[in-house]
Amino acid sequence: NVPGGGSGPQSVLGIPGTPVVQITNLSSAVSSEQMRTLFGFLGDIEELRLYPPDNAPLSFSSKVCYIKYRDPSSVGVAQHLTNTVFIDRALIVVPCAEVMQPLGLSCVAHLSNTPKRSPPPPTEKRPCLISYGS
C-alpha cells in the first residue's frame, strides 16, 4: 500500500505483485498441456515451464511447474488449488518471485537430488530459480 490511502502493486505472501506461481508435488505423468488446461481456467497464462520437460530422456519421481500469468491477481486464485489431488498427488501452489538467472540442466539435476521435505510455512518468502523475458 502507498501512503495516503492509494494502493501500489498487490502483495502475495510478501512478494509484491508477482505474476508467477510454483506448483510442486506433481505426478511424473503430468504434461505441460494438462497443466495449461488446469491453470488456464484461473487466468491468462503468459508462460508455462514444466521441469523436467515432457520430452526429458530421464524419469523422475515428481515434477515442478512454473506459471507466469498476465495478471498478478491470478496468483491468489491459483493458490486455491493447493491440496487439490491431480492425477495421484495433492498439488502445492505458492507465489514465486522472478529471478534473472536461467534454469538449465542443473535445475533438473537439483530436482532429482533434492530430499523430500514439507512445504514452507505460508509466510515464508520463496524465491524461484526461474527466468522470464528476453
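The structure places CD of Gln34 at 8.5 Å from OG of Ser27, a figure rounded to the nearest 0.5 Å. In this structure, CD1 in Ile92 is found 4.0 Å from OG1 in Thr24, a value given to the nearest 0.5 Å.
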Could you walk me through whether Tyr66 and Glu47 pass the side chain to side chain contact (heavy atoms under 4.5 Å, CB included) test, one step at a time?
-> CA-CA 8 Å; Tyr66 297 92; Glu47 191 168 353; over 6 Å; no

Quiz prompt | side chain to side chain contact (heavy atoms under 4.5 Å, CB included) between Val30 and Met35, intermediate numbers included | solution = CA-CA 7 Å; Val30 77; Met35 295 303 293; 3.6 Å; yes

Notebook entry, point to check: What's the verdict on side chain to side chain contact (heavy atoms under 4.5 Å, CB included) for Leu26 and Ser62, showing C-alpha distance, side-chain angles and the deciding distance?
Noted result: CA-CA 5 Å; Leu26 290 170; Ser62 68; 5.7 Å; no

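Between the side chain of Lys68 and the backbone N or O of Leu48, no donor-acceptor pair lies under 3.5 Å. In this structure, Thr18 contributes its side chain and Cys96 its backbone to a donor-acceptor pair below 3.5 Å. In terms of modelled atom types and a separation under 3.5 Å, the side chain of Asn83 and the main chain of Ala90 share no donor-acceptor contact.
Using a 4.5 Å cut-off on side-chain heavy atoms (C-beta onward), Gln22 and Val20 make no contact. Under the 4.5 Å side-chain criterion, counting only non-hydrogen atoms from C-beta, Leu58 is not in contact with Pro52. Side-chain contact between Arg49 and Cys65: absent, with no pair of heavy atoms (C-beta onward) separated by less than 4.5 Å. Proximity of Ile23 to Val94: side-chain heavy atoms (C-beta onward) are nowhere separated by under 4.5 Å.
By the side chain to side chain donor-acceptor pair (under 3.5 Å) test, Thr82 is found to be paired with no residue, residues two or more places apart in sequence or in another chain being considered. Among residues two or more places apart in sequence or in another chain, the side-chain contact (heavy atoms from CB on, under 4.5 Å) test is passed with Ser28 by none.
Using a 3.5 Å distance cut-off with no hydrogens or angles, the side chains of Asp54 and Ser31 do not pair a donor with an acceptor.
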For a quick test of your reading: what N or O donor-acceptor pairs under 3.5 Å do the side chains of residues 36-45 make, sequence neighbours left out?
residue, atom, partner, partner atom, Å
Thr37, OG1, Glu33, O, 2.9

